[in-house]
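Read the structure below first, then the notes.
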Amino acid sequence: MDFSAMKALDEKYVLQTYGRNQVAIDHGKGATLWDPQGKEYIDFTSGIGVCSLGYADGEWAKAIYDQAMKLGHISNLFYTEPYAKLASKLVPAANMAAAFFGNSGAEANEGMIKLARKYSFEKYGQGRAAIITLRNSFHGRTITTLKATGQDHFHDFFFPFTEGFRYAEANNMDSLREQAGDDVCGVMMELIQGEGGVNPLDADYVREVAKLCGEKDWLLLIDEVQTGMGRTGTMFAFQQFGISPDVVTFAKGIAGGLPFGGFMVNEKCRNVLRTGDHGSTFGGNPMSAAAANVIMDRLTPAFLSQVAEKGQYLRDSIAKLNSPYVSGIRGMGLMIGVGVQGMTHKELKDKLMEAGLLCLTAGKDTLRLLPPLVISREEIDKGLAIMAKVMR
């Protein structure tokens, strides 16, 4: 099917909720993609931080096929091996106590919010359910996670929203304390605000927030939907900030392209959610869990070190372009934000795409780069050459 036929079917039969790029993707290998006509693209998006092992990874594909031929789905009413093995790898790697498996980042964050409110209700009774989040944050597109998101334009149209959220300025402890009160049960934050513009939080600020949560018995809720699973050069970003979350969410990269997400809790929160309190029909799906086991096995210390090195190389190389369109570079590992000036970030993204490099945007003026973690130096250099051509 050519692009025009594909687009016609989309416009006729699919709700137009996405501002799609005017490109169809047919297949890929590593961090390189091709459209149906054979045009090559270097991918700095990995499906919005999802395709950790890039495209057509043989081990990943075989694990899914083998599991599909054995057992595709059975529900959480029964035990299955893949999710149990995954939990035994994931939980110790994060130094947490137990995991819950679901389908997506928004669902994971919903579960984390439920847990925080139940923890507080059981210990303190009603009236202690407010959660402080940060301005410029993004936590999902369900009714509750939209309200948890600290960006006003997400709080339109879909009234009434779930109540119980207040917003503090990032990196500002005074602002956080202004939102405090006897009704607060937790603080929820991304350590790098992804959709908000790839803005890493200050490490001292994060540690101060963690200290305040400990003093007030607020749960420290860390949203690692985008930053987790090796994206920043460690298994989770919080491991670079010197904190121990009460609850941490994950999704995107955990299964390398299949829907998967969830959250982990520390020992204090292990028994908050009990039988019937939470669930997910597809959570821990055997095929998705089999794929996630492959990801976990690949995220060795040596592999994660390479992610950090590639990210540093990419940031340094973009800086050396000395482009008049770059106002700054920030990020950790292979989660990189490039400030854009002189044109809009969407205009620059489109120019790069036309030249053969796929990138994302974030915030008001940021080009967001989330390459597959397995991207080769050759593919990075191809992408940089396209950037140099377009951005000079």
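For the residue pair Tyr124/Asp217, the side-chain donor-acceptor check at 3.5 Å is satisfied. A side-chain donor-acceptor contact under 3.5 Å links Thr227 and Glu224. Judged purely by distance below 3.5 Å, without hydrogens or angles, the side chains of Ser244 and Asn95 never pair a donor atom with an acceptor atom. Judged by distance alone, the side chains of Asp246 and Tyr119 never bring a donor and an acceptor atom under 3.5 Å apart. Remark: the Glu169 side chain and the Asn136 side chain contain no N/O donor-acceptor pair separated by less than 3.5 Å. Checking Arg141 against Thr17 by side-chain atom types alone, no donor-acceptor pair falls below 3.5 Å. Asp223 and Asn109 form a side-chain donor-acceptor contact under 3.5 Å, judged by distance and modelled atom types alone.
Ion pairing between a basic and an acidic side chain is recognised when a charged N comes within 4.0 Å of a carboxylate O; Lys118 and Glu122 show such pairing.
Screening Glu195, Glu190, Met189 for a side-chain contact (heavy atoms from CB on, under 4.5 Å) involving Gln193 leaves a single residue, Glu190. Under the side-chain contact (heavy atoms from CB on, under 4.5 Å) test applied with Leu358, the options Asn21, Ile25, Leu352 reduce to a single match, Ile25.
Note that CD1 of Ile131 is 6.0 Å distant from CG of Leu221, once rounded to the nearest 0.5 Å. For the atom pair CD (Gln179) and OH (Tyr167), the distance works out to 10.0 Å, reported to the nearest 0.5 Å.
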Could you please spell out the steps behind the side-chain contact (heavy atoms from CB on, under 4.5 Å) verdict for Leu357 and Val390?
-> CA-CA 10 Å; Leu357 176 63; Val390 171; over 6 Å; no
Could you please spell out the steps behind the ring pair (Phe, Tyr, Trp, His ring centres under 6.0 Å) verdict for His73 and Phe282?
-> CA-CA 8 Å; His73 176 74; Phe282 295 102; 5.3 Å; yes
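With hydrogens and angles ignored, the 3.5 Å screen pairs a side-chain donor or acceptor of Lys310 with a backbone N or O of Leu373. A donor-acceptor pair is defined here as one N or O able to donate and one able to accept, closer than 3.5 Å; such a pair exists between the side chain of His155 and the backbone of Thr149.
Ring geometry for Phe161 against Phe159 counts as perpendicular: the plane angle is over 60°, on a 0 to 90° scale with 30° as the lower cut.
At a threshold of 4.5 Å between side-chain heavy atoms, the hydrophobic network of Ile, Leu, Val, Met, Phe, Trp and Tyr places Met335 and Phe303 in one connected group.
Gly230 approaches Leu304 most closely through the heavy-atom pair CA-CD2, 3.5 Å.
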